[in-house]
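The structure appears right after this line, and notes come after that.
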Amino acid sequence: MRLCSLLLLCLAATWSSTFVISHAHMWNKLILTHHWPNTFCRVEHCHSNLSYWTLHGLWPDKGMNCNSSWHFNASQIEDLLPDMKQSWPDLLHPSTTKFWKYEWYKHGTCAAEASSLDSQHKYFSKGLELYHKADLHSILNKFGITPSETYYSISQIEGVIENFYGVKPKIQCAHSSKNVDVQLLGQIEICFDPDFTLLDCEKQFSTENASKVNWDNATAVDKASEFSVCDRDAPVYYPPDP
Ligand SMILES: *[C@@H]1O[C@H](CO)[C@@H](O)[C@H](O)[C@H]1NC(C)=O
Ligand SMILES: *[C@@H]1O[C@H](CO)[C@@H](O)[C@H](O)[C@H]1NC(C)=O
Ligand SMILES: *[C@@H]1O[C@H](CO)[C@@H](O)[C@H](O)[C@H]1NC(C)=O
Ligand SMILES: *[C@@H]1O[C@H](CO)[C@@H](O)[C@H](O)[C@H]1NC(C)=O
Ligand SMILES: *[C@@H]1O[C@H](CO)[C@@H](O)[C@H](O)[C@H]1NC(C)=O
């Protein structure tokens with residue numbers, strides 16, 4: 001399927017060079033990132049009483065801050081705000097639009113290279129739509145992965161997600177400074193291709209090389225930089241509600 005779309009691009013090159021230029025920077029993968037508020041707030045020292053996985057972001061695999069002149073305007077997503085507050089809440093500054101503004105500049109303006117996401121309304125509503133479709137919190141619950149004082153292994157959690165969605169997620173943990181042997185379940189990424197069908201998060205695209213340096217750099221300064229891929233051999237703590 002990937003090869004097919006590449007072939008189409010090649011064919012299109014002979015018809016219209018503009019088509020190819022406008023797609024030259026196009027991303028290949030969208031990463032729907034969920035975080036567990038309790039873990040996030042332990043790391044960031046915030047307070048949250050939310051007991052469901054919330055949306056962190058919808059991130060294309062290529063590019064950061066693609067268009068700084070495309071200003072965030074909350075009134076363009078006014079109809080989405082009730083759902084945004086519930087599903088994509090700003091855990092650090094509740095009742096502000098800071099987080100969405102940040103996500104829009106950093107990731108939304110890059111996602112907008114696809115015509116399916118080329119407005120703030122399209123971008124944020126797609127994020128919400130994918131979040132509701134994936135329904136990660138219910139799926140984890142349904143298959144027995146619930147916040148608990150008992151530890152899980154990373155393969156248990158991964159197994160449930162892989163079995164249900166049929167693709168590999170990327171699971172990230174925070175490492176507790178008090179107990180170095182235990183890691184806290186923090187973020188779960190579910191990936192999609194440009195047609196919004198599920199995709200293996202591990203799938204790499206050759207074009208990713210070009211932006212790799214930028215991506216790593218930007219990730220390093222991300223708010224959730226305390227999260228890293230979970231250690232396969234250490235137990236995972238999925239902290240219950242505060
Ligand atoms: C969570 O906190 C908010 C305000 O911080 C409060 O309005 C709400 O009732 C709380 N919810 C629960 C379930 O405690
Ligand atoms: C950046 O955003 C502005 C405002 O929406 C738009 O006019 C401009 O065409 C965009 N630039 C690019 C390179 O997409
Ligand atoms: C924000 O969007 C609203 C609704 O589309 C529009 O009326 C308003 O002029 C915009 N504000 C700015 C500063 O662009
Ligand atoms: C991408 O990087 C990998 C490892 O650094 C390298 O083996 C591969 O050839 C590169 N691909 C392209 C298309 O540059
Ligand atoms: C990373 O970002 C910083 C600050 O934006 C910049 O000064 C630095 O050159 C970047 N490093 C790389 C390797 O891109």
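When a ligand or atom number is given, it counts from 1 through the structure's own listing order. Throughout, numbering of the chain's residues begins at 1 and tracks the sequence.
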Task: Validation row, ring centre Phe124 to ring centre Trp88 under 6.0 Å - done: yes

- [ ] List the closest protein heavy-atom neighbour of atom 5 (O) of ligand 3: residue, atom name, distance to the nearest 0.1 Å.
- [x] Gln76 CG, 3.7 Å

Task: Protein contact of atom 4 (C) of ligand 3 - nearest heavy atom, named by residue and atom, plus distance - done: Ser75 OG, 3.9 Å

TODO: Using protein heavy atoms only, decide if any is under 4.0 Å from atom 14 (O) of ligand 3.
DONE: yes

TODO: Give a yes or no on whether atom 8 (C) of ligand 3 lies under 4.0 Å from any heavy atom of the protein.
DONE: yes

- [ ] Could you verify whether a donor N or O on one side chain and an acceptor N or O on the other, from Trp59 and Glu189, lie under 3.5 Å apart?
- [x] no

- [ ] Considering heavy atoms of the protein only, find what lies nearest to atom 6 (C) of ligand 3 and give residue, atom and distance to 0.1 Å.
- [x] Asn73 ND2, 4.1 Å

- [ ] Verify ring pair (Phe, Tyr, Trp, His ring centres under 6.0 Å) between His34 and Phe40, making sure each step is shown before the conclusion.
- [x] CA-CA 11 Å; His34 306 74; Phe40 179 89; over 10 Å; no

TODO: Any chance you could measure Leu32, atom CG, to Ile188, atom CD1, to the nearest 0.5 Å?
DONE: 11.0 Å

Open item on the list: Closer than 4.0 angstrom, basic N to acidic O: yes or no for Arg232 and Glu158?
Closed with: yes

Open item on the list: Suppose we measure from atom 11 (N) of ligand 2 to each protein heavy atom; which comes out shortest, and what is that distance?
Closed with: Asn67 ND2, 2.9 Å

